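Data first, discussion second: the structure below is written as structure tokens.
The model shown is predicted, which means the values in this text are computed figures rather than measured ones. Below, each value reflects all heavy atoms present in this structure, side chains not excepted, and no hydrogens, waters or symmetry copies.
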Amino acid sequence: MDIKEFIKEAIGAIAEATIELQTEFEETGTIINPPVSVKERDLYEEGGIGSTYRRVEVIEFDIAVTASGETAGGGKAGLRILSVEAGIDGKHSQQSEEASRVKFSVPVSLSPSGAEATNREATEAHRNRVSEARAKRRQAQTPRRSYWP
């Protein structure tokens, strides 16, 4: 398998599984990929005004790849995921392979849960209440001037 295809399939499968799990478990109260706060990455607070941030998950890959050059029709070369295949199909070819190990990571922010939207709404409502309270306090503290003698 081509390394590009492998990475796309792996991350795509994780993203799709996340969405499917969110839908499947929504009614049970199980939250897949809950929002987090700045201070507590592993704490979810339902309706919490601080828990509105999306996680960035790091998907780590540690794969063996081969750089192969084949001297048969086609002349194709490139990086492939190391796999062992055996078969006899009547073709003769010479093949040279060298295996290498590649480690890398891809940061991904998966689909947000419905809880994230709920917490964002709670945060917005809280900010509005705080702004209104501050405006009322300022208005109450402002001395009224009388211009009439």
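Partners of Asn128 by side chain to side chain donor-acceptor pair (under 3.5 Å), not counting sequence neighbours: none found. Applying the side chain to side chain donor-acceptor pair (under 3.5 Å) test to Ser111 and every residue at least two apart in sequence or in another chain returns nothing. In terms of the salt bridge (Lys or Arg N to Asp or Glu O under 4.0 Å) criterion, Glu121 has no residue partners (sequence neighbours excluded). For Gln22, there are no side chain to side chain donor-acceptor pair (under 3.5 Å) partners at least two apart in sequence or on another chain. Taking Arg120 as the reference, Glu116 meet the salt bridge (Lys or Arg N to Asp or Glu O under 4.0 Å) condition, with sequence neighbours excluded. Residues passing the salt bridge (Lys or Arg N to Asp or Glu O under 4.0 Å) test with Arg138: none are found, sequence neighbours excluded. Checked against side chain to side chain donor-acceptor pair (under 3.5 Å), Ser131 has no partners two or more places apart in sequence or in another chain. In terms of the side-chain contact (heavy atoms from CB on, under 4.5 Å) criterion, residue partners of Val102 (sequence neighbours excluded) are, by chain and number, Ile63, Val65, Phe104.
Summarising the geometry of Phe61 relative to Ala10, their closest heavy-atom pair is CE2-CB, 3.9 Å, with the distance given to 0.1 Å.
Sorted by first and then second residue, the salt bridge (charged side-chain N to carboxylate O under 4.0 Å, His left out) pairs involving residues 10-38 (not counting sequence neighbours) form an empty list.
Through chains of ILVMFWY side-chain contacts below 4.5 Å, Leu21 is grouped with Phe25, Ile32. Connectivity analysis of hydrophobic side chains (ILVMFWY, heavy atoms under 4.5 Å, direct or indirect) links Ile19 to nothing; its cluster partners are none. Think of Val58 as one node in a network of Ile, Leu, Val, Met, Phe, Trp and Tyr side chains linked at under 4.5 Å; it has no links at all.
Between His126 atom NE2 and Glu124 atom CD the span is 11.0 Å, to the nearest 0.5 Å. Once rounded to the nearest 0.5 Å, the distance linking CG of Asn119 with OG of Ser113 reads 8.0 Å.
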Handout entry: Steps toward side-chain contact (heavy atoms from CB on, under 4.5 Å) verdict (Val108, Ile14)
Key = CA-CA 10 Å; Val108 176; Ile14 292 168; over 6 Å; no
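A 4.5 Å side-chain heavy-atom check between Arg55 and Leu110 finds every atom pair outside the cut-off.
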